[in-house]
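Structure, as structure tokens:
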Amino acid sequence: FVKASSARLMQSPGFESTSVMRIKKEESFKILSRQDEWYNVALESGARGYIRSEHIAINPPELSEQASAADASPDGMDYLASDDLQDFRRVYSADIASLKECFAKLKSMLVMGQKYKPYEIKSGNLIEGEKQLTLFRSKTLDLCRKIENYNSKNPIKHRIAAISCEYGDVVSYKFAENLIELQASAINGAALEVLKDGVSVVKTDVFKCGDEQRARRVLNEFRQECDYRKIKKYALVDILNLGKYYFENKKEYFMKNAFGEYSASVEKDRYFADFTNPEAVALMLKYLDDVIKSGCFDAVIIDNLRMPHYPSAGNDIRALFIFNDAPVKEFEKNTGVSVAALNEAHEDIFKKYAISKFESFVTTLRKFFASKKMPFYAVCDADYYSKKFDTRLCEYKRWGNNIDLILLRFAAADEKIIAALSKDAASQISRPQIICVSKKLFGDEARAFNFADTLKKINMESNLIRGLFVER
């Protein structure tokens with residue numbers, strides 16, 4: 001039966017499929033088969049289709065005494081309130097310590113420096129080095145198997161961490177050490193920031209790339225090391241910040257408000273692109289295509305999918321960074337209202353107009369990624385959407401269904417607020433959610449991972465929170 005406020009019945013398993021109908025809460029049905037996170041179901045009315053596992057609860061047939069109670073839940077495991085939500089680090093502390101010690105010994109036998117080759121052993125340590133390398137790989141794979149088993153029983157399916165992988169981290173083996181730390185927290189996804197302030201790690205003719213040879217080595221190392229550990233690879237892209245170079249040379253590509261200010265005046269070094277400008281959007285899509293063609297990533301996360309934060313402006317609609325010539329002319333033509341003389345009623349109209357523009361932009365992204373068959377995840381600020389006037393335009397109630405997965409960033413670790421907003425979001429969107437956890441907020445990955453227990457507890461009641469994203 002449906003345990004969410006409602007659920008979409010899809011024609012086939014996948015978010016790109018056509019929606020057949022919406023099923024009300026507590027409506028029952030029979031399960032015919034399962035395909036990953038989708039259930040093929042038959043309703044009493046005769047309608048058939050697919051429903052995501054997080055929207056349903058199962059009343060199993062009578063189970064024999066020998067039958068496993070775990071078979072009663074959609075994920076193949078019952079998560080009771082008394083279930084032991086132990087920290088992976090603590091449970092497998094001996095394995096983690098042994099792996100770290102093994103790598104420390106191996107590292108002393110490896111050649112490091114500018115002529116970097118992965119795990120190249122010094123000429124004087126060939127025999128002992130090969131033994132240590134074999135042992136390290138064996139211990140790594142053993143821990144990977146334990147992580148897979150742990151993850152299969154964990155309701156928080158996605159656990160992603162933003163990770164640093166610069167050239168210096170590669171040649172010093174610091175990146176390998178960082179990945180061991182991810183394993184120690186049972187993290188199953190690594191997000192590499194590939195575009196920041198208009199500077200790219202991926203080779204492209206759209207943005208500055210720096211040293212292409214070094215960038216290529218970074219990407220190869222990221223791909224190989226993550227694949228070896230069965231860690232999913234995410235490209236973290238701040239696509240709305242085209243960087244200083246374009247800002248200085250193509251001002252028409254950037255947003256400004258009614259006071260003529262650009263985003264850099266309220267958020268240092270952040271140059272927000274004009275998502276209503278077809279040329280600017282074409283630039284973004286060209287770059288995203290290069291990221292996909294690199295073949296280094298399993299999915300793309302669009303970070304900072306918002307507008308500049310202007311706290312001193314309060315609810316002044318004129319502070320909204322969308323007052324470029326084309327949007328203003330279109331608004332005035334369609335409404336007969338002058339932007340120069342907006343009253344309170346007109347402000348509300350303009351806000352809805354601005355949000356519709358943002359919604360159109362997200363829909364463009366959605367269609368682009370669907371055409372490339374690449375998962376597209378979005379990060380937005382959940383704690384802003386419910387305010388009267390939202391300069392960040394993160395009203396995911398309106399555009400949440402245009403993305404594969406939504407990552408909600410909260411400013412504080414308030415369990416009640418997170419639970420309440422997650423439930424509210426789930427009533428508006430059909431996608432699962434990931435909660436973003438800032439290292440600044442929680443101190444380090446170990447403490448952030450402990451916070452996953454809080455998310456698990458929320459998930460036991462609502463099954464709304466599907467993951468954790470640890471930001472740098």
Side-chain angles (χ1 to χ4, degrees), residues 239-242 247 251-268 270-281 284 302 304-366 378-403 406 408-412 417 420-421 424-425 427-429:
I239 198 65
L240 283 175
N241 185 0
L242 300 186
F247 179 71
K251 282 284 177 57
E252 64 272 21
Y253 284 4
F254 295 86
M255 287 291 185
K256 60 184 177 181
N257 60 24
F259 307 111
E261 298 172 313
Y262 288 95
S263 56
S265 64
V266 297
E267 290 190 30
K268 189 176 182 296
R270 289 204 56 79
Y271 306 94
F272 279 87
D274 180 0
F275 51 75
T276 68
N277 185 323
E279 289 185 27
V281 173
M284 298 179 206
I302 304 295
N304 285 307
L305 196 55
R306 61 176 179 83
M307 293 308 293
H309 183 211
Y310 205 167
S312 62
N315 289 340
D316 191 340
I317 193 73
R318 295 171 299 172
L320 185 63
F321 285 81
I322 197 172
F323 283 90
N324 282 347
D325 292 341
V328 166
K329 288 178 180 177
E330 181 182 346
F331 176 77
E332 292 182 337
K333 179 181 178 181
N334 292 340
T335 63
V337 176
S338 171
V339 169
L342 289 174
N343 59 33
E344 191 171 338
H346 296 152
E347 285 182 358
D348 189 54
I349 295 172
F350 190 83
K351 179 190 172 184
K352 290 178 180 178
Y353 166 79
I355 291 171
S356 72
K357 287 294 180 184
F358 196 61
E359 182 181 6
S360 296
F361 168 67
V362 176
T363 301
T364 298
L365 290 178
R366 167 66 178 159
V379 178
C380 76
D381 297 309
D383 52 340
Y384 280 86
Y385 93 99
S386 59
K387 294 190 176 182
K388 179 184 175 183
F389 175 69
D390 179 20
T391 57
R392 299 191 179 203
L393 298 182
C394 286
E395 297 212 12
Y396 52 80
K397 288 182 179 181
R398 297 175 178 272
W399 51 261
N401 287 332
N402 289 317
I403 59 180
I406 197 164
L408 306 181
R409 181 189 284 122
F410 289 85
I417 292 176
L421 279 175
D424 190 42
S427 69
Q428 305 294 334
I429 60 177

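Nothing here was measured: the structure is a model prediction, and the numbers come from that model.
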All salt bridge (charged side-chain N to carboxylate O under 4.0 Å, His left out) counterparts of Lys256, not counting sequence neighbours: none
Side-chain heavy atoms of Met284 within contact of Phe361, under 4.5 Å: yes
Minimum-distance pair of heavy atoms, taken over all atoms of Asn257 and Phe321: ND2-CZ, 3.7 Å
Interatomic spacing from CD1 in Ile349 to CG in Asn334 - rounded to 0.5 Å: 11.5 Å
Pairing residues for Tyr353 by the ring-ring contact (aromatic ring centres under 6.0 Å, His included) criterion, not counting sequence neighbours: Phe331, Phe350
Val339 backbone acceptor or donor facing Glu332 side chain under 3.5 Å: yes
Side chain to side chain, Val281 and Thr364, heavy atoms closer than 4.5 Å: yes
Note: Lys357-Glu330 ion pair, threshold 4.0 Å (strictly below): yes
Under the side chain to side chain donor-acceptor pair (under 3.5 Å) test, residues paired with Asp274 that sit two or more places apart: Thr276, Asn324
Verdict with supporting geometry, Arg270 and Asn304, side chain to side chain contact (heavy atoms under 4.5 Å, CB included): CA-CA 11 Å; Arg270 289 204 56 79; Asn304 285 307; 3.8 Å; yes
Pairwise side-chain contact, Val379 with Leu305, heavy-atom cut-off 4.5 Å (strictly under): no
Pairing of Asp325 and Lys329 as salt bridge, 4.0 angstrom limit: no
Side chain to side chain contact (heavy atoms under 4.5 Å, CB included) partners for Ser360, two or more places apart: none
Minimum heavy-atom distance Val266-Pro308, with the two atoms named: CG2-CB, 3.9 Å
Ser263 side chain to Phe272 backbone, donor-acceptor under 3.5 Å: yes
Salt bridge (charged side-chain N to carboxylate O under 4.0 Å, His left out) involving Glu252 - partner list, sequence neighbours excluded: Lys250
Counterpart residues, ring-ring contact (aromatic ring centres under 6.0 Å, His included), relative to Phe247 (two or more places apart): Phe254, Tyr262, Tyr271
Counterpart residues, side chain to side chain contact (heavy atoms under 4.5 Å, CB included), relative to Asn343 (two or more places apart): Ala345, His346
